[in-house]
Amino acid sequence: MGIKAAIPRYELYLYTAVLTGALIWAGSWICEASSENINRRSFKESMKPGWHYFGRKMDVSDFEWIMWFNTFRNHILFSLAGHVIFAKIFTLITPKHRSSIFGMYGGLAVLVTMGWTFMALVLSHCIILYSVAMVKRKWMCFVAGLITLASIKLEPYNSWQEALVTGSFDLQDVLFYGGCGFSIMRCMSFALENCEKKDGNFTLSDLLKYNFYLPFFFFGPVMTFDRYHVQANNMQLTRKDREMWNITTKALLHLGVILVVDIFFHYLYILTIPSDMKLVTKLSDWCLAGLAYSNLVYDWVKAAVMFGVVNTVATLDHLDPPQPPKCITMLYVFAETHFDRGINDWLCKYVYDYIGGNHDKIFKELLATFCTFAITTLWLGPCELVYIWSFFNCFGLNFELWVAKVFSLPPFSTIETAMGEAMSRRVRGVFNAANFWAIVLYNVLSLNSLEFAKLVGKRLIFKGFPVSTVSVLFVTYCGVQLVKERERQIALLEDPEPVKPVDGGKEKAE
């Protein structure tokens, strides 16, 4: 049924009130649990003195957030600011060679930061995959790329390569695996795009300029070679109306979000509490549901801010980088679930859409999802937790297709047509609410632990049945309907329905 099915406005007000009240209620439980256990022994390593104004300890258990916005904030700002200034000067002087300038500055920054052995390692990856790309066989590019990626993800090859990098500092491991991993994915994109090139080949210089673009080098996102090559070599450097205003607004928004998250970390210990299973077992069902949901929301916020900062720099360079991921609150289908849009776009372009086609054939979809999650497993680093995460998300993606196929057949399709679009939207909302919690449970295990995910599932599905189960699903249903309403309004703006004459000449939009 169409997404343009409307429901009464009073229902939307009811959904908003219920969702708001539930979020405040769950948040109060988490805040109470945080305050009562602030001096707990198991919290000692994850708690540090917070801002003086609040007089409370702060949750610092997320290494990535602390690294980006506290410990190494000045280093990251210095390197990105240097890129912006350097790139701007030479873009004005010689716009024709700006992509070369980007690559030279990035290469120099990587060399100074990580040393010549790391630089030699990355260059060896580039040269190997460039050589394979010249053969113009996609399967060879995939095999070579995946073997190279496995060499930094599997023992003992990753330890041997990491040992080549001399020096010792706190960020070395992160920069090593981030730099090598993203570099290999970019080299694979280059190789696969070279296979599509009809006349001749791209040059090694094209690959190096693409790979050593500093804002994307260590932390992503991955921008496929075809897009980067066109945009970085575009000499018509004009700004859209109010583009600089939008860039400034986004930068200030990111700063505001960083401050808000740091403030929340003084009162809501959403990252530390799930690590203490003895404490978690004593919490209420609502508190557990709030913790699971808030962990996914936080992971989205972190990805949106980190990629947003990098994307702001890329936008200043007249690039159109991959956008931040879709908010977890807006997700109720597995097909739209991702936390890194760059990797997601890469996988969709070269694997998922390439194999799955229109995604309407069950066996092709099964093969496409299996291959996609196999590569994702290698990208994340094979281990038991990643295997479980990949299996359940692969299953969820296929199960959606199976259910859609079944319900598109009579008598289900006949029943849905007879009930009307508004009622169909309500019925679908019930299934979407259950699907939302499947997404939460399947992904929270990778953010926290398998034990925490199992406990949340057991409490919400079995021990909490029927009160907790039904109430949480109803609140989720309200949220899904609000999301669907937003999607309906966007769809109407993009494709307005024709105005039809009704009631003896009066005009009314359906």
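These values consider heavy atoms only, across backbone and side chains, with no hydrogens, waters or symmetry-generated copies.
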Engineer: Under a 4.5 Å cut-off applied to non-hydrogen side-chain atoms, are Ser413 and Phe407 in contact?
Structural biologist: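 Result no, sub-4.5 Å side-chain heavy-atom pair not found.
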Engineer: Over all heavy atoms of both residues, which pair between Ile328 and Phe436 is shortest? Give the atoms and the distance, please.
Structural biologist: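 Where Ile328 meets Phe436 most closely, the heavy atoms are O-CE1, 3.3 Å.
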Engineer: Under 6.0 Å from the OH atom of Tyr354, do we count more than 12 heavy atoms belonging to anything else shown?
Structural biologist: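 It does not: Tyr354 OH has 12 such atoms or fewer within range.
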Engineer: Angle between ring planes, Phe54 versus His266, binned at 30° and 60°: parallel, tilted or perpendicular?
Structural biologist: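 Phe54 vs His266 ring planes: tilted.
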Engineer: Measure up the Tyr352 and His359 rings against each other and bin them: parallel (under 30°), tilted (30 to 60°), perpendicular (over 60°).
Structural biologist: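 Plane angle under 30°, so parallel.
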Engineer: Strictly distance-based, threshold 3.5 Å: is any side-chain N or O of Gln323 a donor or acceptor partner for the main-chain N or O of Arg341?
Structural biologist: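 The answer is no, because no donor-acceptor pair under 3.5 Å joins these two groups.
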Engineer: Would you name the heavy atoms of His125 and Thr148 that are closest together and state the gap between them?
Structural biologist: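 Scanning both residues completely, I find the closest heavy atoms to be CD2-CG2, 3.6 Å.
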Engineer: Would one find more than 12 heavy atoms of other residues, nucleotides or ligands at under 6.0 Å from atom CH2 of Trp51?
Structural biologist: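 More than 12 heavy atoms, drawn from other residues, nucleotides or ligands, come within 6.0 Å of this atom.
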Engineer: Determine the sole option in Tyr177, Trp346, Phe182 for which the ring-ring contact (aromatic ring centres under 6.0 Å, His included) test with Trp379 is passed.
Structural biologist: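 For Trp379, the ring-ring contact (aromatic ring centres under 6.0 Å, His included) check succeeds only for Phe182.
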Engineer: Taking atom types as modelled, is there a side-chain donor on Glu485 or Gln489 under 3.5 Å from an acceptor on the other?
Structural biologist: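 Per modelled atom types, Glu485 and Gln489 side chains form a pair under 3.5 Å.
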Engineer: Against Phe334, only a single residue in Thr369, Ile439, Leu401 fulfils side chain to side chain contact (heavy atoms under 4.5 Å, CB included); can you say which?
Structural biologist: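 Result for side chain to side chain contact (heavy atoms under 4.5 Å, CB included) with Phe334: Ile439.
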Engineer: Can you list the steps and then say if Arg426 with Gln481 is a side chain to side chain donor-acceptor pair (under 3.5 Å)?
Structural biologist: CA-CA 8 Å; Arg426 296 186 183 98; Gln481 290 297 351; over 6 Å; no
Engineer: Pairing donors with acceptors under 3.5 angstrom, does anything connect the side chains of Asp317 and Tyr213?
Structural biologist: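 Yes, side-chain donor-acceptor contact under 3.5 Å.
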Engineer: Can you confirm whether Ser189 sits close enough to Tyr210 that some side-chain heavy atom of one is under 4.5 Å from a side-chain heavy atom of the other?
Structural biologist: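 Ser189 reaches Tyr210 side chain to side chain.
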Engineer: Could you tell me whether the side chain of Asp285 reaches within less than 4.5 Å of the side chain of Val467, counting heavy atoms only?
Structural biologist: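 Counting from C-beta outward, Val467 and Asp285 never come under 4.5 Å.
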Engineer: Just wondering, do Trp29 and Leu283 contact through their side chains at under 4.5 Å, heavy atoms?
Structural biologist: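 They are not in contact (no side-chain heavy atoms under 4.5 Å apart), so the answer is no.
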Engineer: For a quick check under 3.5 Å, do Lys484 and Asn432 share a side-chain donor-acceptor pair by atom type?
Structural biologist: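 Per modelled atom types, Lys484 and Asn432 side chains form a pair under 3.5 Å.
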Engineer: I need the single residue from Phe63, Phe218, Phe219, Phe307 that forms a ring-ring contact (aromatic ring centres under 6.0 Å, His included) with Trp68. Which is it?
Structural biologist: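 Per the ring-ring contact (aromatic ring centres under 6.0 Å, His included) rule, the option paired with Trp68 is Phe219, out of Phe63, Phe218, Phe219, Phe307.
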Engineer: With a 4.5 Å heavy-atom cut-off, do Pro382 and Leu154 have their side chains touching?
Structural biologist: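 Pro382 reaches Leu154 side chain to side chain.
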Engineer: If every non-hydrogen atom of Tyr298 is compared with every non-hydrogen atom of Val261, which pair is closest and at what distance?
Structural biologist: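 Result for this residue pair: CE1-CG1, 4.0 Å.
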Engineer: Of all the heavy-atom pairs spanning Tyr267 and Arg56, show the shortest one and how long it is.
Structural biologist: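 Residues Tyr267 and Arg56, closest heavy atoms: CE2-CD, 3.4 Å.
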Engineer: Are the ring centres of Tyr15 and Tyr477 closer than 6.0 Å?
Structural biologist: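 Ring centroids of Tyr15 and Tyr477 are less than 6.0 Å from each other.
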Engineer: Go through the steps for Lys454 and Glu451 under the test salt bridge (charged side-chain N to carboxylate O under 4.0 Å, His left out), then give the verdict.
Structural biologist: CA-CA 5 Å; Lys454 287 166 63 177; Glu451 290 73 20; 6.0 Å; no
Engineer: If I compare all heavy atoms of Leu214 with all of Gly106, which pair ends up nearest, and what's the gap?
Structural biologist: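 Heavy atoms only, the tightest pair is CB-CA, 3.8 Å.
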Engineer: Go through Phe392 and Phe399 one step at a time and tell me if the side chain to side chain contact (heavy atoms under 4.5 Å, CB included) criterion holds.
Structural biologist: CA-CA 10 Å; Phe392 279 113; Phe399 187 71; over 6 Å; no
Engineer: Of all the heavy-atom pairs spanning Ile270 and Asn295, show the shortest one and how long it is.
Structural biologist: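 Of all heavy-atom pairs spanning Ile270 and Asn295, the closest is O-ND2, 3.0 Å.
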Engineer: Donor-acceptor pair, distance only, cut-off 3.5 Å: does the side chain of Thr469 make one with the backbone of Leu460?
Structural biologist: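 Yes, the answer is positive, given that a donor and an acceptor are paired below the 3.5 Å cut-off.
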